[in-house]
Amino acid sequence: MSKQNRTAIEPTRDQNYAEWYQQVIKAADMAENSDVRGCMVIKPWGYAIWENIQRALDIKFRETGHRNAYFPIFIPKSYFEKESEHVEGFAKECAVVTHSRLEDDASGGLKVAGELTEPLIVRPTSETIIGASFARWVNSYRDLPLLINQWANIVRWEMRTRLFLRTSEFLWQEGHTAHESFEEAMEESRKMLDVYADFAKDYLAIPVIKGEKTESERFPGAVNTFCIEAMMQDKKALQSGTSHFLGQNFAKASGIKFQNREGEIEYAWTSSWGVSTRLIGALIMAHSDDNGLVLPPKIAPSHLAVIPIYRNEEEKAHVLDYCKKVTDLFERTEWEGIRIYTEMDERDLTGSERNWYWIKKGIPLRIEIGPRDIASGSVMVARRDKDPREKQSVQLENLKDYCLSTLSEIQDIYYQRALAFREKNTVKIDSKDEFYAFYTAKNKNKPEIHGGFAHSHWCGDPACEEQIKADLKVTIRCIPFDKEIEEGHCIVCGKPSHERVIFAKSY
RNA sequence: CGGGAUGUAGCGCAGUCCGGUUAGCGCGCUCGGUUCGGGACCGAGAAGUCGGAGGUUCAAAUCCUCUCAUCCCGACCA
């Protein structure tokens with residue numbers, strides 16, 4: 001391949017999407033696999049993204065009346081057993097602590113000892129342990145609603161893992177709330193789904209579809225599971241956040257009871273909702289290109305990379321002095337509520353090496369500064385959303401305004417681009433043949449990127465859903481809230497249906 | 001847990017079928033020099049229990065046995 005057309009990431013998305021994904025993470029230095037099977041090390045550039053996600057969401061949680069708290073990482077096995085569906089759903093992926101210490105064995109190694117009377121489950125989710133606290137905290141309707149959020153790590157012993165998308169241990173937030181009525185708990189779970197959807201749109205620049213899961217995809221023990229679904233660039237769906245209406249199931253299991261306004265004892269109505277480090281996976285797959293990570297400015301760890309260009313010590317002093325003026329322009333600058341961070345890259349590498357380094361990291365703007373720019377009182381600005389070679393000369397006095405308005409522009413372009421991609425790959429399908437053709441790769445040996453979101457009719461029978469999954473690995477991602485009320489026939493069995501649902505292959 | 005594959009320098013690999021000097025290559029790293037505004041080049045250098053244990057042999061990265069680990073494809077999943 002000629003240097004002109006060389007991409008920073010190999011293979012490209014078209015060549016091998018899964019491998020491309022791994023390479024983007026590596027090239028941006030976001031995370032790596034650890035020696036612990038299925039667990040990742042999140043490196044500073046990746047962790048900063050997570051911190052930005054936390055910061056933005058935490059404010060929204062606070063604004064909607066929630067307070068942060070922290071509960072134990074260990075859940076007694078007996079707690080876990082109280083909600084039967086819940087146990088069944090998570091039993092196969094639990095890490096269990098059975099011993100409390102290590103002792104020398106005869107051969108210079110260590111053996112486990114001190115068996116616990118009751119095994120402890122490393123939390124795969126905290127409904128039961130938080131429920132136990134809620135049971136103590138709630139006595140009267142005056143104690144409700146109880147609106148708690150926890151930022152935590154959790155463990156789900158997955159068979160197969162992929163950085164950010166599915167790891168045995170991951171970081172997330174889990175909101176847990178208790179209410180005095182069905183309506184209020186339902187409203188809460190829908191409200192938090194909106195918070196997630198708005199966040200995905202406004203910060204991650206990812207359009208999502210809000211909807212409800214079918215019974216087979218529902219959270220174990222929940223009455224309703226709501227979700228936001230996003231389309232990745234390989235046209236597969238990624239569940240990016242969930243919110244559950246738990247009815248009184250968990251309240252009954254944990255004994256969350258209160259005296260209501262009529263003086264009667266009643267079980268509380270609860271909800272739970274969460275997003276995880278998986279959002280970073282969504283971010284990568286929604287926007288990144290064959291030159292590496294692409295970051296919406298609102299979630300980027302840093303916004304501007306300053307790259308001084310010089311040939312000798314004399315020029316260096318001169319150029320660095322000018323660069324300082326540039327970085328000073330952005331000192332303590334806020335843009336749309338976000339603190340602007342600059343990266344000064346003085347490393348002894350060629351200009352192009354430093355440029356590509358920041359392209360691969362997805363930094364929104366690169367500012368090159370050399371003797372020629374200084375002579376004309378300007379700098380060269382390059383945008384991550386444009387061709388790597390494209391640069392714009394900007395006068396120093398206009399630079400700050402130019403950069404800030406360009407960040408807004410880039411943020412918007414990424415969203416519009418992702419939205420257009422989803423629209424382009426979303427279809428209405430009414431015939432079974434067409435449906436099967438849509439989800440079948442032309443090249444069986446090396447499947448090309450194919451498929452997308454299909455709005456099709458479904459009769460509501462789990463057997464039809466199962467059929468599609470078995471035949472095509474396609475599942476119902478959700479029953480969208482914005483559904484068309486329309487009579488039709490089930491894509492599988494042909495029986496009458498009154499709504500379209502969204503089908504897709506998913507992560 | 002079923003099916004397939006792989007363990008050789010920090011990373012990626014060749015060498016293994018058919019045993020034979022001192023185990024190579026690319027990238028990266030270190031040092032020196034020329035470069036630097038579109039992924040530079042030249043020269044020198046450091047770095048390896050060949051996954052582990054046992055066996056066969058004059059001789060093992062290479063053959064045999066056992067073992068450990070990882071990856072891929074399934075089933076399970078945010």
Side-chain angles (χ1 to χ4, degrees), chain A residues 1-10 16 18-19 22-23 26-27 32-38 88-94 124-125 153-162 164-174 196 213 216-220 225 227-230 237-244 272-282 291-292 307-312 315-316 319 347-360 366-375 378-382 387-391 393 445 447 469-470 473 475 477 506-507:
Chain A
M1 195 176 283
S2 71
K3 271 188 179 176
Q4 198 76 9
N5 298 324
R6 181 179 157 195
T7 57
I9 302 297
E10 286 179 357
N16 183 344
E19 180 61 21
Q22 306 285 354
Q23 292 304 323
K26 193 175 168 186
E32 63 189 18
N33 279 308
S34 73
D35 291 339
V36 183
R37 188 187 136 64
E88 224 174 287
F90 286 106
K92 280 176 280 183
E93 51 185 43
C94 284
T125 180
N153 60 334
I154 66 173
V155 169
R156 295 183 188 174
W157 213 260
E158 299 290 348
M159 293 297 183
R160 279 175 70 190
T161 59
R162 291 183 73 187
F164 292 117
L165 295 176
R166 175 164 298 111
T167 46
S168 295
E169 179 191 16
F170 58 95
L171 305 181
W172 80 345
Q173 64 60 220
E174 47 183 326
Y196 290 154
K213 287 293 187 191
S216 70
E217 300 262 332
R218 196 178 289 154
F219 176 75
T225 287
C227 62
I228 52 173
E229 294 283 332
L238 183 73
Q239 179 177 309
S240 309
T242 49
S243 182
H244 315 290
S272 70
W273 29 274
V275 295
S276 70
T277 36
R278 179 178 245 203
L279 282 178
I280 298 174
N291 285 326
I307 301 167
I309 308 283
Y310 47 80
R311 287 162 204 260
N312 50 47
E315 273 187 4
K316 181 176 177 180
V319 171
R347 289 177 301 167
D348 186 23
L349 298 170
T350 64
S352 54
E353 257 186 300
R354 284 175 290 164
N355 253 312
W356 282 102
Y357 174 87
W358 291 107
I359 290 169
K360 286 184 281 195
R366 307 186 303 281
I367 301 179
E368 273 179 50
I369 300 173
R372 293 208 294 266
D373 305 302
I374 298 174
S378 63
V379 300
M380 295 302 276
V381 181
D387 186 279
R389 280 174 289 271
E390 199 174 317
K391 288 183 283 189
S393 178
N445 298 325
K469 189 177 179 184
K473 288 190 208 165
T475 50
R477 297 324 304 153
S506 77
Y507 279 93

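Convention: sequence-line order gives letters A, B, ...; per-chain numbering from 1. Keep in mind it's a predicted model, so treat the numbers as computed, not measured.
The CD1 atom of A:Ile154 sits 9.0 Å away from atom OG1 of A:Thr277, with the distance rounded to the nearest 0.5 Å.
Looking at heavy-atom distances under 4.0 Å, A:Ser276 makes contact with a base. Heavy atoms of A:Tyr507 sit nowhere under 4.0 angstrom from any nucleic acid atom. Backbone-only contact: A:Gln239 has heavy atoms under 4.0 Å from sugar-phosphate atoms and none from a base. Counting any heavy atom pair closer than 4.0 Å across all strands shown, A:Thr167 reaches a base atom. Within 4.0 Å (heavy atoms only), A:Leu165 reaches at least one base atom of the nucleic acid. Using a 4.0 Å heavy-atom distance criterion, A:Lys473 is classed as a sugar-phosphate-only contact.
Closest of all the heavy-atom pairs between A:Ala27 and A:Ile9 is CB-CD1, 3.5 Å. Minimum interatomic distance between A:Asn355 and A:Glu368 (heavy atoms only, all atoms of both residues): ND2-OE2, 2.7 Å.
Only the C1' atoms considered, B:rA60 is 16 Å distant from B:rG52, to the nearest whole Å. With P as the reference atom, B:rC63 and B:rU6 are 12 Å apart, rounded to whole Å.
When each of B:rG38, B:rG37, B:rC76 is scored by its nearest atom to the side-chain atoms of A:Glu158, the top-ranked nucleotide is B:rC76. Taking only side-chain atoms of A:Arg366, from C-beta outward, the nucleotide of B:rG39, B:rG37, B:rG38 with the closest atom is B:rG38.
Nearest-nucleotide positions on RNA chain B for A:Ile374 and A:Pro220 put A:Ile374 closer to the 5' end. Toward the 5' end of RNA chain B, the nearer of the two residues A:Arg218 and A:Ile9, judged by each one's closest nucleotide, is A:Ile9.
With hydrogens and angles ignored, no donor-acceptor pair under 3.5 angstrom links the side chain of A:Asn355 to the base of B:rG39.
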Pairs counted as Watson-Crick or G-U wobble with both distances under 3.5 Å: what dot-bracket string results for RNA chain B, using | for bases tied to another strand?
(((((((..((((......[...)))).((((((.....)))))).....(((((..]....))))))))))))....

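Distance A:Arg389 CZ to B:rG37 P: 14 Å, rounded to the nearest Å. Summarising the geometry, the separation between NZ on A:Lys469 and C1' on B:rA75 is reported as 10 Å, rounded to the nearest angstrom. The distance between atom OH of A:Tyr357 and atom C1' of B:rA40, rounded to the nearest whole Å, is 20 Å. Here the P atom of nucleotide B:rC11 and the CD atom of A:Gln23 are 15 Å apart, to the nearest Å. A straight line from CD of A:Glu315 to P of B:rG37 spans 13 Å, rounded to a whole angstrom. Taking atom CD1 of residue A:Ile359 and atom C1' of nucleotide B:rG39, one finds them 9 Å apart after rounding to whole Å.
Ring-plane geometry between A:Phe219 and A:His244 is classed as parallel, the angle between the planes falling under 30 degrees on a 0 to 90 degree scale with a further cut at 60.
Looking only at side-chain heavy atoms (C-beta outward), A:Leu238 and A:Leu165 come within less than 4.5 Å of each other. Using a 4.5 Å cut-off on side-chain heavy atoms (C-beta onward), A:Phe90 and A:Pro220 make contact.
Between A:Glu19 and A:Lys26 there is no salt bridge, since none of the side-chain N atoms of the basic residue sits less than 4.0 Å from a carboxylate O of the acidic one.
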Each nucleotide N or O in nucleotides 27-36 of chain B that has a protein N or O under 3.5 Å away: list the pair and distance.
{"unit_1": "B:rC36", "atom_1": "OP2", "unit_2": "A:Arg311", "atom_2": "NH1", "d": "3.4"}
{"unit_1": "B:rC36", "atom_1": "N4", "unit_2": "A:Arg311", "atom_2": "O", "d": "3.1"}

